[in-house]
Amino acid sequence: MDKVYNHKEAEDKHYKTWEEKGYFKPEINPDGKPYCIILPPPNANGDLHFGHAMFTVEDILIRYHRMKGDAALWLPGTDHAGIETQFVFEKKLQSEGQSRFDYSQEELYQMIWDFVKQSHGKIQNQLKKLGYSLDWSREKFTLDPEIQKLVYKTFKKMYEDGLIYRAHKLVNYCTRDGTSFSDLEVIHEERNSPLYYIRYGPLVLATTRPETKFGDTGVAVNPNDERYKQYIGKEIEIETVLGKASMKVVGDEAVDPEFGTGVVKVTPAHDFTDFEIGKRHDLPLKQVIGYDGKMNDHAGRFEGLYVKQARAAIVEEMKEKNLIEKVDEGYMNRVGLCYKCKTILEPLPLEQWFVKVDSLRNEAIRVIKEKKVKIHPQVFETHCLQWLENLRDWNISRQIVWGMRIPAWKNKATGEWMVTEGDSPEGMEWEQDTDTFDTWFSSGQWPFVTLKTSKDGDFEKFYPTAVLETAYDILRAWVSRMVMLGTYVTGEVPFRNVLFHGIVNDPYGKKMSKSKGNVVNPLELIEQYGADAVRFALVYGNATGNDQSLSYPKLDAARKFTNKLWNMARFIEMAEKDANQEFGVNNSLRDLKEGTKLKENYEWIEKAQNLIDEVTKYIDSYQFNLAAERLYEFSWHEFADIYIEDIKRSTENESWVVLKSIYVILLKLLHPFMPFVTEEIYQKMSGHGESIMIEKWPSI
RNA sequence: GGAUCCAUAGCUCAGUUGGUUAGAGCGCGUCAUUGACAUUGACGAGGUCAGUGGUUCGAGUCCACUUGGGUCCACCA
């Protein structure tokens with residue numbers, strides 16, 4: 001053996017062999033208990049970021065269960081990531097001086113498809129470099145035809161069950177990206193929004209959005225507000241910059257008498273609260289802002305101005321006409337921004353497909369409360385339930401091309417809708433909706449659509465899956481949706497356990513992001529420290545679910561650990577040369593224990609038994625950090641520092657057999673954490689088996 | 001405005017049913033070693049476990065409050 005472990009040489013070689021020999025397939029343990037993890041599909045629009053290296057936790061579980069003899073399946077896949085990908089692609093187009101408007105829907109789709117294909121190759125390479133024992137023969141992509149078909153089927157079923165409806169409602173609309181978003185995709189930010197006190201006939205009201213006044217169809221006050229009771233139900237005459245108008249005053253509980261003057265203008269077409277008020281009092285919807293973000297013809301001479309310009313111009317004129325009583329310039333409020341481009345979102349009325357969430361949500365809450373789905377660490381269960389309880393109907397229409405086109409057709413003559421499982425209806429009068437599904441509508445079905453379209457029998461065998469492991473930041477967007485949709489479609493929960501890992505920040509504790517330029521590609525670190533060291537460093541010293549900062553000292557410590565393990569093997573090899581024989585390995589600790597005559601051997605066997613017991617318990621309870629710490633501690637400070645130092649004085653052959661046997665146990669226990677170095681050592685040792693990867697997990 | 005998490009050695013963090021002198025990595029000090037170890041080993045310094053009060057025979061661990069930091073959620077015009 002060389003003096004130093006060379007990870008670069010070992011890693012690619014072993015991964016290739018493992019894959020070729022079919023070790024990643026569950027069929028390697030044909031009679032084993034099914035154990036399945038579906039890889040959270042990375043977005044197929046670029047490289048993996050460093051946080052994805054936390055999937056190491058899944059590989060640990062899979063390798064551990066495979067060694068325990070389970071039919072372990074880790075199923076890989078990628079997500080088309082609708083708006084995310086289209087956004088990345090549009091930026092790319094932009095940098096080439098082009099725009100999405102230069103292409104037809106079909107052309108754009110094809111171009112993004114090609115782009116995604118390239119990304120896919122990079123992602124697959126990264127996952128392999130990390131040593132992940134994924135069954136590539138079962139790989140899936142969200143836009144695979146057979147996956148789409150199942151998603152369509154779900155949509156149709158939901159439509160028939162009355163869980164999908166089409167409605168003209170307010171949506172969060174990004175006038176820059178040209179699409180609506182779900183509530184979840186809106187980010188709120190504190191902004192300075194001057195509060196204008198506007199004269200409205202006999203009343204004064206406060207608003208941050210004077211430009212929407214052309215869309216006002218009423219004025220609201222709190223019904224218990226003594227100051228304004230007299231006006232409720234009356235029409236008031238008001239002066240506007242576009243001339244006189246009359247407005248109905250309504251009483252509504254949503255109005256807070258303490259805020260501003262206690263009077264609110266009601267603009268049902270451009271404000272969520274106002275939309276609700278309008279519905280309660282039968283106020284009409286009057287849209288004054290278009291989907292291009294400009295004022296429309298209801299705004300008179302302000303038509304064609306962008307919202308911001310219009311606001312300034314209108315305020316100017318209102319001041320001239322003395323319609324503004326005062327302005328609170330320093331007023332701060334929270335505005336909704338597009339989470340991709342940070343444009344202020346406009347609430348705009350649009351006809352969209354919605355998921356009625358009531359029954360789905362209640363069922364999801366039930367299975368979580370009844371522990372049919374167990375969430376670890378426990379605290380995330382609270383988060384999940386809290387979100388589910390506040391859930392509102394889910395807008396699943398997106399006005400983008402990159403995604404699954406919604407399988408709904410409108411009759412040009414009658415306007416009625418027909419939903420199919422993807423097939424076009426007969427006849428020329430049907431026109432397909434141009435919108436696509438929210439990405440999460442398809443990824444929310446991931447566990448069952450993958451298994452149902454995989455090898456025959458996979459669904460029956462592996463569903464519900466054992467564990468869903470992912471970063472906690474997509475608990476709401478993804479995990480909750482999977483529980484809802486999976487339970488609804490299959491009648492069974494999608495997974496028995498959910499396990500959350502934390503975020504990996506940069507060395508200074510700051511979130512890694514492309515705009516900050518502090519992202520680290522896992523490949524760089526693998527190159528430098530070796531995949532095993534990267535994996536080990538991520539697991540060691542960090543409790544499950546907690547965030548961590550990338551630590552170079554820790555990576556270095558982990559790399560030294562791989563080298564230490566290597567040198568233990570060299571020591572044994574050297575001893576064998578000196579003794580001019582190969583020491584045997586006995587895999588049965590019990591036999592060894594019964595056979596030994598020496599007290600110190602007996603004691604070391606007991607220590608090994610304890611170690612197996614502890615590590616097994618820690619993995620079973622998802623305490624990977626404790627398992628890693630215990631293995632590190634034992635290997636280095638007990639096995640190397642004490643055991644090996646002591647045995648240097650021994651001439652007993654039996655002692656060497658015990659030592660070597662315990663060393664092999666150590667390698668096996670470490671294999672899920674550090675697959676490459678353990679395999680490389682194992683292959684180099686005398687009397688080794690085919691691969692440590694398919695060896696049996698040590699037992700007491 | 002709600003919810004939630006965190007505060008433990010110089011730094012980064014472990015410490016899951018409350019139980020003997022509170023742990024690791026890195027860093028630091030002294031010595032040894034280059035015949036497994038591109039190094040490693042031995043020994044060592046270093047903590048009123050944020051603060052206050054409480055429950056308990058016993059609290060870093062449970063409860064309340066305070067202070068400082070983070071995250072998430074929310075339709076305040």
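Each chain gets a letter, A, B and so on, in the order the sequences are listed, and its residues count up from 1.
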So what does A:Val255 touch, heavy atoms closer than 4.0 Å: a base, only the sugar-phosphate, or nothing? base
With distance as the sole test, does A:Tyr663 use its side chain to make a donor-acceptor pair with the main-chain N or O of A:Leu565 at under 3.5 Å? yes
Report which part of the nucleic acid A:Met568 touches: base, sugar-phosphate, or nothing (heavy-atom distance under 4.0 Å, all strands). base
Contact nearer the 5' end of RNA chain B, comparing A:Ile642 with A:Ala557: A:Ala557
Kindly indicate whether the side chain of A:Leu499, heavy atoms from C-beta on, has any atom under 4.5 Å from the side chain of A:Tyr472. no
Without decimals, in angstroms, what is the distance between A:Lys169 NZ and B:C75 P? 13 Å
Any chance the rings of A:Phe561 and A:Phe536 have centres within less than 6.0 Å? yes
Please tell me which of A:Lys564 and A:Lys265 maps to the more 5' nucleotide of RNA chain B, matching each residue to the nucleotide holding its nearest heavy atom. A:Lys564
Show each protein N/O and nucleotides 12-16 of chain B N/O combination with a separation under 3.5 Å, one pair to a line.
from: B:C13; atom 1: O2'; to: A:Gly541; atom 2: O; distance (Å): 2.1
from: B:A14; atom 1: OP1; to: A:Asn546; atom 2: ND2; distance (Å): 2.6
from: B:A14; atom 1: O3'; to: A:Asn625; atom 2: ND2; distance (Å): 3.4
from: B:A14; atom 1: O2'; to: A:Asn625; atom 2: ND2; distance (Å): 3.4
from: B:A14; atom 1: O2'; to: A:Glu629; atom 2: OE1; distance (Å): 3.1
from: B:U16; atom 1: N3; to: A:Gln623; atom 2: NE2; distance (Å): 2.6
from: B:U16; atom 1: O4; to: A:Gln623; atom 2: NE2; distance (Å): 2.2

For A:Phe634 and B:A24, what is the distance between atoms CZ and C1' respectively, to the nearest whole Å? 17 Å
Would you say the side-chain atoms of A:Asn222 and A:Tyr228 include a donor-acceptor pair closer than 3.5 Å? no
So, for A:His376 and A:Tyr622, is the gap between ring centers shorter than 6.0 Å? yes
Integer angstrom distance from the P of B:A22 to that of B:C57: 23 Å
Looking only at atom C1', what distance separates B:G69 and B:U8, rounded to whole Å? 16 Å
What does A:Glu573 touch in the nucleic acid at a heavy-atom separation under 4.0 angstrom: a base, only the sugar-phosphate, or nothing? nothing
Quickly work out the A:Asp328 CG to B:C76 C1' distance and round it to whole Å. 14 Å
For A:Ala558, answer base if it contacts any base atom (sugar-phosphate contacts may also be present), sugar-phosphate if it contacts only those atoms, and nothing otherwise; contact means non-hydrogen atoms under 4.0 Å. nothing
What is the separation between atom CG on A:Asp641 and atom C1' on B:A32, rounded to the nearest whole Å? 14 Å
Send over the distance from A:Arg570 CZ to B:U39 C1', rounded to a whole Å. 12 Å
Counting the atoms with a prime plus P, OP1 and OP2 as sugar-phosphate, which does A:Lys648 contact under 4.0 Å by heavy atoms, base, sugar-phosphate, or nothing? base
What nucleic acid atoms does A:Arg334 come within less than 4.0 Å of, heavy atoms only: base, sugar-phosphate, or nothing? base
Just call it for A:Phe275: base, sugar-phosphate, or nothing, with non-hydrogen atoms closer than 4.0 Å on any strand. nothing
For RNA chain B, the expected dot-bracket line (Watson-Crick or G-U under 3.5 Å, [ ] crossing, | inter-strand) is (((((((..((((.....[...)))).(((((.......))))).....(((((..]....))))))))))))....
Can you check the distance between B:C63 and B:U55, where both ends of the measurement are the P atom (answer in whole Å)? 15 Å
Select base, sugar-phosphate, or nothing to describe what A:His637 touches, counting heavy atoms under 4.0 Å on all strands. sugar-phosphate
For the side chain of A:Thr56 and the backbone of A:Arg535, is there at least one donor-acceptor N/O pair under 3.5 Å apart? no
Gap between atom CG of A:Asp2 and atom CD of A:Glu680 - 0.5 Å precision: 9.0 Å
Taking the C1' atom in each of B:G19 and B:C6, what is the distance between them to the nearest angstrom? 26 Å
Over how many whole Å does the gap from A:Trp566 atom CH2 to B:C37 atom P extend? 13 Å
Is the A:Tyr643 to A:Trp656 ring centre distance short of 6.0 Å? no
Separation of the P atoms in B:G46 and B:G35, to the nearest angstrom: 36 Å
Quick one: A:Leu388 CG to B:C72 P, roughly how many Å, whole number? 18 Å
For A:His7 and A:Tyr5, take the angle between the two ring planes, folded into 0 to 90°, and tell me which bin it lands in: parallel under 30, tilted 30 to 60, perpendicular over 60. tilted
Would you indicate what A:Lys3 reaches in the nucleic acid, counting non-hydrogen atoms under 4.0 angstrom: base, sugar-phosphate, or nothing? sugar-phosphate
Round to the nearest Å and state the distance from A:Met574 atom CE to B:U34 atom C1'. 14 Å
